[in-house]
Amino acid sequence: MTPPPSLIDWAGGPAAFRRLIDAFYDRVEADDLLSPLFPGGVHEEHRAHVTSWWVEVFGGPPGYSEKLGGYERMLAHHRGLNITPEQRFRFATLMSHAADDAGLPDDPEFRAAFVGYVEWGTRLALANSRDGADVVEQAPVPRWDWGVAPPYQP
C-alpha cells in the first residue's frame with residue numbers, strides 16, 4: 001500500500017496555497033470585523049510570508065522556518081493583538097470560504113485536515129494574542145497531516 005500524498009501535494013502545491021491566501025486576505029480586507037487588524041490592507045510581503053507558513057505547515061519545504069524566523073516569528077506577529085472570539089470565528093469562516101474560492105480540493109478528508117488546522121491555529125492565536133498570555137515561546141512549525149482520515153486509495 002502506498003502512503004498518502006502530503007496535504008500540499010493533494011491540494012495542488014504551493015501555487016494552490018498562494019491562491020488560498022490571496023482569496024482569504026481579499027475577503028479580510030472587505031470584512032468589518034477583521035480589516036481593522038490590517039490597517040492599510042494586506043500587502044504583498046505579508047501575503048507571501050503567510051503563504052510560506054501554510055506551505056510549510058501542510059508538508060512543503062521549510063521556507064518559513066529557514067528564512068522568516070519559524071514559530072517564534074509567527075508567535076511575535078500575534079502577541080498583543082487581543083483577538084476576540086468573534087474575530088477568531090470569522091477568521092476560520094473566511095478561511096473556509098477562501099478554500100472554496102481558491103479551488104482547493106473539497107473532498108471530506110482534505111477539508112477535515114484543513115479545517116482541523118484552521119481550528120487549532122486560530123485557537124492558539126487567540127490564546128497567544130492576549131495580554132499576559134502564558135505562551136510556549138519556542139516550538140517547531142507544526143507539520144499538519146491527514147490525521148484520522150487519509151484519502152481512500154484503492
Side-chain angles (χ1 to χ4, degrees), residues 4-60 63-64 68 70-136 139-151:
S6 67
L7 290 167
I8 189 88
D9 289 339
W10 189 264
F17 278 84
R18 179 53 196 246
R19 289 193 313 271
L20 167 73
I21 297 306
D22 282 338
F24 172 70
Y25 282 123
D26 289 350
R27 284 179 172 273
V28 165
E29 289 178 335
D31 187 87
D32 292 340
L33 188 60
L34 295 181
S35 62
L37 296 172
F38 301 94
V42 186
H43 302 288
E44 167 56 29
E45 183 179 53
H46 183 81
R47 291 171 185 240
H49 289 178
V50 173
T51 299
S52 183
W53 171 269
W54 279 74
V55 165
E56 183 172 340
V57 166
F58 279 80
Y64 195 91
L68 298 171
Y71 175 87
E72 293 81 11
R73 175 107 181 259
M74 186 59 72
L75 173 64
H77 287 302
H78 293 91
R79 289 184 113 167
L81 287 178
N82 291 307
I83 297 167
T84 67
E86 294 79 17
Q87 288 171 318
R88 186 215 67 82
F89 185 77
R90 182 74 56 83
F91 182 106
T93 301
L94 293 185
M95 190 57 80
S96 185
H97 287 303
D100 292 337
D101 296 343
L104 292 188
D106 63 358
D107 58 275
E109 297 83 4
F110 177 81
R111 288 301 176 99
F114 179 83
V115 170
Y117 173 69
V118 171
E119 280 294 311
W120 178 84
T122 58
R123 290 175 188 282
L124 189 62
L126 173 72
N128 289 340
S129 75
R130 295 193 172 135
D131 291 333
D134 183 21
V135 302
V136 174
V141 171
R143 299 293 280 193
W144 221 251
D145 207 343
W146 291 100
V148 297

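In what follows, residues are counted from 1 in the order of the sequence shown.
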For a quick test of reading the model, state the closest non-hydrogen atom pair linking P142 to Y117 and the distance between them.
CG-CE1, 4.2 Å

Between W10 and P105 the two heavy atoms that sit nearest each other are O-CG, 3.4 Å

Identify the two heavy atoms, one from I8 and one from G60, that lie closest to each other, and give their separation to 0.1 Å.
CG2-N, 3.7 Å

With ring centroids as reference points, do H46 and F38 lie under 6.0 angstrom apart?
yes

Hey, could you give me the CD1/CG distance between I83 and L37, rounded to the nearest 0.5 Å?
6.5 Å

Between L126 and P85, the two heavy atoms sitting closest are CD1-N, 3.9 Å

Sequence neighbours excluded, which residues qualify as salt bridge (Lys or Arg N to Asp or Glu O under 4.0 Å) partners of R19?
none

So, the side chain of S96 versus the backbone of T93: is there a donor-acceptor pair under 3.5 Å, distance only?
no

Minimum heavy-atom separation for A113 to D145, with atom names?
CB-O, 3.8 Å

Rounded to the nearest 0.5 angstrom, the CG-CZ distance for L94 and F89 is 10.0 Å

To the nearest 0.5 Å, what is the distance between CD1 on I21 and NE2 on H49?
13.0 Å

With under 30° as parallel and over 60° as perpendicular, where do the rings of W54 and F114 fit, or are they tilted in between?
tilted

Taking side chain as C-beta onward, heavy atoms only, is R27 less than 4.5 Å from D101?
yes

With salt bridge (Lys or Arg N to Asp or Glu O under 4.0 Å) as the criterion, how do E86 and R90 come out once you've worked through the C-alpha distance, each side chain's angles and the decisive distance to 0.1 Å?
CA-CA 6 Å; E86 294 79 17; R90 182 74 56 83; over 6 Å; no

Can you tell me how far CZ of R47 sits from OH of Y25, rounded to the nearest 0.5 angstrom?
8.5 Å

Less than 4.5 Å apart, side chain to side chain, heavy atoms only: is that true for L20 and M95?
yes

Does the salt bridge (Lys or Arg N to Asp or Glu O under 4.0 Å) test come out yes or no for R111 and D106, once each step is laid out?
CA-CA 6 Å; R111 288 301 176 99; D106 63 358; over 6 Å; no

Has the side chain of E29 got a donor or acceptor atom that lies under 3.5 Å from a matching backbone atom of V42?
yes

Within the structure provided, determine whether S52 and L68 are in side-chain contact (heavy-atom separation under 4.5 Å).
yes

Flag, side chain of N82 to backbone of D131, donor-acceptor distance under 3.5 Å
yes

Sequence neighbours excluded, the answer for side chain to side chain contact (heavy atoms under 4.5 Å, CB included) partners of A48 is R18, E44

Describe, in one word, how the ring planes of Y64 and W53 are oriented to each other, choosing from parallel (under 30°), tilted (30 to 60°) and perpendicular (over 60°).
perpendicular

To the nearest 0.5 angstrom, please state how far the OG1 atom of T51 sits from the CG atom of D22.
6.5 Å

Should R143 and E56 count as side-chain neighbours, where that means a heavy-atom distance under 4.5 Å?
yes

With under 30° as parallel and over 60° as perpendicular, where do the rings of F17 and F58 fit, or are they tilted in between?
tilted

Under the 3.5 angstrom rule, does the side chain of Q87 hit a backbone N or O of L33 as a donor-acceptor pair?
yes

Distance-only, no hydrogens or angles: does the W144 side chain make a donor-acceptor pair with backbone N or O of G59 under 3.5 Å?
no

In short, A11 meets A16 closest at the heavy-atom pair O-CB, 3.2 Å

How many angstroms lie between atom CG of N128 and atom CZ of R123, to the nearest 0.5 angstrom?
14.0 Å

